[in-house]
Amino acid sequence: MTLSKHRSRQIYCLLIACTLFSHSTFQSEAAEQVCVVASVRPLATDAGIAAFEQGGNAVDAAVATALTLGVVDNHNSGLGGGCFILIRRSDGTLLAIDGREKAPAAATRDMFLRDGKADPELSTMGPLAVGVPGALAAYDLALKKCGLKTLGELLLPAAEIAEHGFPIDRNYAGKLADKAQFLAKFAGSRAALLKLDGSAYDEGEVLRQPDLARSYRKMAEHGPDWFYRGEFAAQVGQWMAENGGILTAEDFADYRAVERTPIVTTYRNWKVIGFPPPSSGGVHVAQILNMLETFDIRAEHKQNSIHATHLIVEAMKLAFADRAHWLGDADFVPVPQGLIDKNYAKSLAKRIHPDRTGEVPAHGNPPGAAAKFFGQHTTHIAAADSGGTWVAITATVNTSFGSKVIVPGTGIVLNNEMDDFSSQPGVPNAFGLLGAENNAVAPGKRPLSSMSPTIVCDSSGEPVLTVGAAGGPKIITQVLLTLVRCLDLEMKLDDAIAAPRYHHQWRPDHVLVEAALPQTIVDGLKCRGHCIETIDSSGVSQAIGIDAGGKLLGVHDPRIPGKVGRGVRTERE
Ligand code: GLY
């Protein structure tokens, strides 16, 4: 590291100084390699650390964590779903892998309408809700491009957990109890996830998934072809044909994970790397930061934290109005690059009234809107190693247990990502999000996502922070708030993640605030005309930064039990 790089990293370290770890620095011990992983499940974090300690890097660790989450956290993510992977390699190059689900070839624009009206049940549960899963293809591509391990090596330990089972915690038991009546509608899901009498497992009981273990072992033996061109695709295609679905084995065979060009913008002196469409996250995190850059948020916050919160909420609202209109799969529809233009952000920021909330009747008009375009319950994994590889994976099956469908004998929960399309203009999806023509259903199209894996580098290009989240559209605002709190307000990373959050998504026109947000801020927002709704939790973020000693520092969201793991490997000379 050059002196200037070291200095700028040190400056950042001071900003997020924290003392979770007391081990020696990775800079001072050349032979010692370190990897940090943060995820929502201890077993998954442990699998990631084991992959590193057995010779892998941060990419292997992150993928091992993701594969294990598909066993122990399959209501949130798994191989029946999709993901976005953002990687900063040790040589500084970037890789963005799009493993987002796709609509089946037989999908049609109006497939979720009945008697001219959107029927949300069709897009959220059962055969029509399922998009072609992309997670496995993305993990495989990430390993091939940047990993040191094979997919098979990482699948087998997860298969062991599926076979021998794991005691479910309160969070999992709650999700299962909540969705048991819907899972019971599908024979495969009932057999895989419920007791013989159809009831849900309680906290502390052991869930064994022998079918899932078998599927993982088949993939370890035959590679992704077993899933995309073999037995699994055939089984799903047959089940769909027999149960009113449109997804076919050919849809699986046609699926490819795609390399995208990451969105790279600046926020003050930082370089912010985000995921491009079909994620809306990268665009709107950048857009909101661009608006905030026109204010001095740090000074505003010091002077009056209510005022700073008001500015951030108004910027969120303006960005989400644009999201509803402009965003969709850029392979299918024109998504203007002007959305992240600094001057466009200035023009939006000028609309923010300092003392009261403003009416945002519709989207804005970014420059080049007709000419320059971008070429989108969930979980986030953060991993980084001392070699300089940083990884952000956000993965999902959409809402809890996705479509609720497990095709008998497979153990794999299938997503309900089709609900992330706009079924009908003006009709909100499961997250209350509105969409327009750009996010209408079309064959082979990817539904718009809010998943926002993000990496921040300092001015010399050294990675200093990675963050991502679960929580539907609140993913975007969680990531934004973590960036603002670390980069502007100089909060410690763990404090930034723990601090109460707020969210505005344009429609409905209210600010969602976590109950712990100070009453003075809530009252101040009300005085400025904001409608307030209180929520228990805005979602779950995981992050990695660098502490004052230059060490990797992982943080998992305290809102649910998760785990940060730290692996150490001593390389022989
Ligand atoms: N399924 C949630 C998202 O991708 O935004």
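One-based numbering, in listed order, for ligands and for the atoms of each. Side chains included, hydrogens not; waters and symmetry mates left out as well; all remaining heavy atoms used.
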Enumerate donor-acceptor pairs with a distance under 3.5 Å from any side-chain N or O in residues 248-257 to protein atoms, sequence neighbours excluded.
{"from": "Thr248", "atom 1": "OG1", "to": "Glu250", "atom 2": "N", "distance (Å)": "3.3"}
{"from": "Thr248", "atom 1": "OG1", "to": "Glu250", "atom 2": "OE1", "distance (Å)": "3.4"}
{"from": "Thr248", "atom 1": "OG1", "to": "Asp251", "atom 2": "N", "distance (Å)": "3.1"}
{"from": "Thr248", "atom 1": "OG1", "to": "Asp251", "atom 2": "OD2", "distance (Å)": "3.2"}
{"from": "Asp251", "atom 1": "OD1", "to": "Ala105", "atom 2": "N", "distance (Å)": "2.9"}
{"from": "Asp251", "atom 1": "OD2", "to": "Thr248", "atom 2": "N", "distance (Å)": "2.9"}
{"from": "Tyr255", "atom 1": "OH", "to": "Arg100", "atom 2": "N", "distance (Å)": "3.4"}
{"from": "Tyr255", "atom 1": "OH", "to": "Arg100", "atom 2": "O", "distance (Å)": "2.6"}
{"from": "Tyr255", "atom 1": "OH", "to": "Arg446", "atom 2": "NH2", "distance (Å)": "3.0"}
{"from": "Arg256", "atom 1": "NH1", "to": "Ala253", "atom 2": "O", "distance (Å)": "2.9"}

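Under a 4.0 Å criterion applied to the non-hydrogen atoms of Met451, ligand 1 contributes the atoms 4 (O), 5 (O). Listed by atom number, the atoms of ligand 1 under 4.0 Å from Ser450 heavy atoms are 3 (C), 4 (O), 5 (O). Below 4.0 Å from some heavy atom of Arg100 lie the following atoms of ligand 1, by number and element: 4 (O).
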- Task: For the pair Ile340 and Ile263, evaluate side-chain contact (heavy atoms from CB on, under 4.5 Å) and give the outcome as yes or no after the intermediate values.
- Result: CA-CA 9 Å; Ile340 56 169; Ile263 292 180; 3.9 Å; yes

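With a 4.0 Å heavy-atom cut-off, ligand 1 is reached by the side chain of Asp420 but not by its N, CA, C or O.
His504 meets the side-chain hydrogen bond (donor to acceptor under 3.5 Å, both in side chains) test with Asp509; sequence neighbours excluded.
We find that Lys102 and Asp331 are not joined by a salt bridge, their nearest charged nitrogen and carboxylate oxygen being 4.0 Å or further apart.
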